[in-house]
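A quick write-up on the structure given underneath.
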Amino acid sequence: MSIPQSNFTSYKKGGLQRGTDTASDGTIAKRWDCSKTPTFTWGETDNGGKGVLITNAASDWAGFYIYHNSCDEVPYKYIWINAGDTQFVSLPDHFEGRITRGLDSYMLNGKPQLLATWFEISYDQNGWAWGDVSLIRGCDGGSLIWSTDGSGAWKGFTQWILDGAPTGAYDMKNDGVWVLKYTENNDGSINTIPRDWEMQKVGAQYVYVDDAHGSPVIASTNGRFGTYWPSGRP
């Protein structure tokens with residue numbers, strides 16, 4: 001994207017509801033029932049409502065999996081998109097969750113597969129969409145997001161950063177591919193080797209490298225984001 005970051009508003013968190021947000025009793029906040037069976041789509045009719053445009057910029061078909069926050073075993077929806085194609089996926093009011101790459105054999109087996117690049121998205125009471133690209137739970141490739149409300153706001157990256165990282169930066173996904181590991185563990189401790197690599201190769205203004213750096217969140221006041229996914233390691 002060619003629009004400078006200084007030309008639009010970026011937020012540390014803004015109105016984004018993330019998967020680590022807690023309720024008043026200290027438990028992870030959850031305002032929906034987790035799906036028992038995922039909904040598959042080849043793409044949905046775009047009537048201008050809330051949702052996400054997903055462009056598969058890889059050289060082959062790619063699968064994308066949409067999860068509610070705190071519902072890690074079964075996706076809410078999933079979609080397969082041919083190389084070079086863009087499809088629309090609608091999202092309900094007050095949705096809070098993420099979209100990641102993956103493969104059916106590992107994303108639909110009832111076990112969490114958290115190790116991936118996350119596009120986090122949620123809606124506020126005004127219908128605004130809030131989003132970011134997060135590498136906190138790993139990185140399996142680039143993802144670029146942008147607001148479609150005319151603001152020009154964008155975050156994420158498209159460059160390949162999975163090769164050449166220092167020893168200690170990698171972890172293996174359930175399907176056996178090596179990707180960049182968590183930068184932040186469940187106890188809040190930081191894995192500095194992958195975090196510093198991603199800080200160097202991408203930057204905290206464009207993605208969440210951890211919870212302490214940057215302002216990687218943007219809003220889309222029409223409730224819609226465009227996304228672009230280059231080749232990765234699903």
Side-chain angles (χ1 to χ4, degrees), residues 1 5 10-22 28-30 52 54 64-72 75-76 91 95-102 107 112-124 128-147 153-162 165 169-171 173 179-220 225-230 232-234:
M1 309 293 282
Q5 295 283 304
S10 301
Y11 302 84
K12 181 75 174 178
K13 183 173 181 290
L16 183 70
Q17 297 297 316
R18 304 181 66 203
T20 53
D21 290 343
T22 57
I28 297 294
K30 185 166 67 174
V52 177
I54 303 174
F64 300 91
Y65 302 80
I66 304 169
Y67 291 85
H68 285 291
N69 285 345
S70 305
C71 297
D72 298 325
Y76 164 62
L91 295 173
F95 178 84
E96 302 170 3
R98 69 181 185 273
I99 301 177
T100 66
R101 297 178 180 83
M107 309 301 276
Q113 173 56 270
L114 303 180
L115 187 59
T117 302
W118 289 19
F119 162 42
E120 299 182 293
I121 180 173
S122 69
Y123 290 94
D124 65 17
W128 290 20
W130 296 82
D132 73 272
V133 174
S134 175
L135 307 185
I136 291 175
R137 290 292 177 255
C139 173
D140 62 2
S143 177
L144 185 71
I145 70 168
W146 60 91
S147 305
W154 65 275
K155 295 293 178 180
F157 67 106
T158 60
Q159 64 269 31
W160 183 263
I161 68 168
L162 297 181
Y170 292 97
D171 197 359
K173 294 180 78 169
V179 298
L180 297 172
K181 69 194 301 182
Y182 284 23
T183 63
E184 199 168 301
N185 298 309
N186 292 334
D187 62 3
S189 60
I190 301 298
N191 293 319
T192 57
I193 295 175
R195 192 277 310 275
D196 292 351
W197 174 259
E198 291 160 4
M199 190 89 78
Q200 172 191 346
K201 294 297 181 179
V202 181
Q205 189 62 21
Y206 300 99
V207 297
Y208 270 119
V209 295
D210 59 21
D211 285 316
H213 291 85
S215 297
V217 177
I218 54 175
S220 189
F225 278 110
T227 69
Y228 178 94
W229 300 76
R233 291 177 181 160

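From a predicted model like this one, the values you see are computed outputs, not experimental measurements.
- None of Arg98, Lys13, Arg18 except one satisfies the salt bridge (Lys or Arg N to Asp or Glu O under 4.0 Å) rule with Glu120; the exception is Arg18.
- The line from NZ of Lys173 to CZ of Arg233 is 10.5 Å long, rounded to the nearest 0.5 Å.
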With side chain to side chain contact (heavy atoms under 4.5 Å, CB included) as the criterion, how do Thr117 and Leu135 come out once you've worked through the C-alpha distance, each side chain's angles and the decisive distance to 0.1 Å?
CA-CA 5 Å; Thr117 302; Leu135 307 185; 3.8 Å; yes
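- Residues Phe157 and Gly141 come closest through the heavy atom pair CZ-O, 3.7 Å.
- The distance from atom CD1 of Ile145 to atom OG1 of Thr227, rounded to the nearest 0.5 Å, is 8.5 Å.
- With Lys12 contributing its side chain and Val217 its backbone, the two residues share no donor-acceptor pair below 3.5 Å.
- Under the 3.5 Å distance criterion, the side-chain polar atoms of Lys155 are matched with a main-chain donor or acceptor of Gln205.
- With Phe64 as the fixed residue, the ring-ring contact (aromatic ring centres under 6.0 Å, His included) test singles out one of Trp118, Phe119, Trp229: Trp229.
- Judged purely by atom type and a 3.5 angstrom limit, Gln159 uses its side chain to pair as donor or acceptor with the backbone of Lys201.
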Test side chain to side chain contact (heavy atoms under 4.5 Å, CB included) applied to Leu180 and Ile161, step by step:
CA-CA 9 Å; Leu180 297 172; Ile161 68 168; 3.9 Å; yes
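- Taking both residues in full, the closest heavy atoms of Pro234 and Arg101 are given as CB-CB, 4.2 Å, listed atom of the first, atom of the second, then distance.
- The shortest side-chain heavy-atom distance between Leu144 and Trp154 falls under the 4.5 Å cut-off.
- Here CG of Leu114 is found 12.5 Å from CD1 of Ile136. Values are rounded to the nearest 0.5 Å.
- Closest approach of Gly97 and Asn69 over heavy atoms only: CA-OD1, 3.2 Å.
- A donor-acceptor pair is defined here as one N or O able to donate and one able to accept, closer than 3.5 Å; such a pair exists between the side chain of Tyr170 and the backbone of Leu162.
- Using cut-offs of 30° and 60° for the angle between ring planes, the His68 and Phe95 rings count as tilted.
- For the residue pair Ser134/Asp132, the side-chain donor-acceptor check at 3.5 Å is not satisfied.
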The test is side chain to side chain contact (heavy atoms under 4.5 Å, CB included); show your working for Val202 and Val209 and say whether it passes.
CA-CA 9 Å; Val202 181; Val209 295; 5.8 Å; no
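- Ser215 OG to Tyr208 OH: the interatomic distance, rounded to the nearest 0.5 Å, is 8.0 Å.
- Taking each heavy atom of Ala219 and Phe225 in turn, the nearest pair found is C-CZ, 4.3 Å.
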Under the side chain to side chain contact (heavy atoms under 4.5 Å, CB included) criterion, do Tyr123 and Gln17 qualify, and how do the steps go?
CA-CA 8 Å; Tyr123 290 94; Gln17 297 297 316; over 6 Å; no
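- No donor-acceptor distance shorter than 3.5 angstrom exists from the side chain of Asn185 to the backbone of Asp187, with no hydrogens or angles considered.
- Taking CD of Glu96 as the start and CD1 of Ile121 as the end, the distance is 11.0 Å to the nearest 0.5 Å.
- Contact of the Val207 side chain with the Glu198 side chain is not registered, since no non-hydrogen atoms from C-beta on lie closer than 4.5 Å.
- Residues Leu115 and Asp140 approach most closely at O-OD2, 4.5 Å, considering heavy atoms.
- With rounding to the nearest 0.5 angstrom, the OG1 atom of Thr100 is 8.0 Å from the CD atom of Gln113.
- A donor-acceptor distance shorter than 3.5 angstrom exists from the side chain of Asn191 to the backbone of Tyr182, with no hydrogens or angles considered.
- Closest heavy-atom contact between Lys181 and Pro194: CG-CG, 3.5 Å.
- Contact check for Pro75 versus Ile66: no side-chain heavy atoms found under the 4.5 Å cut-off.
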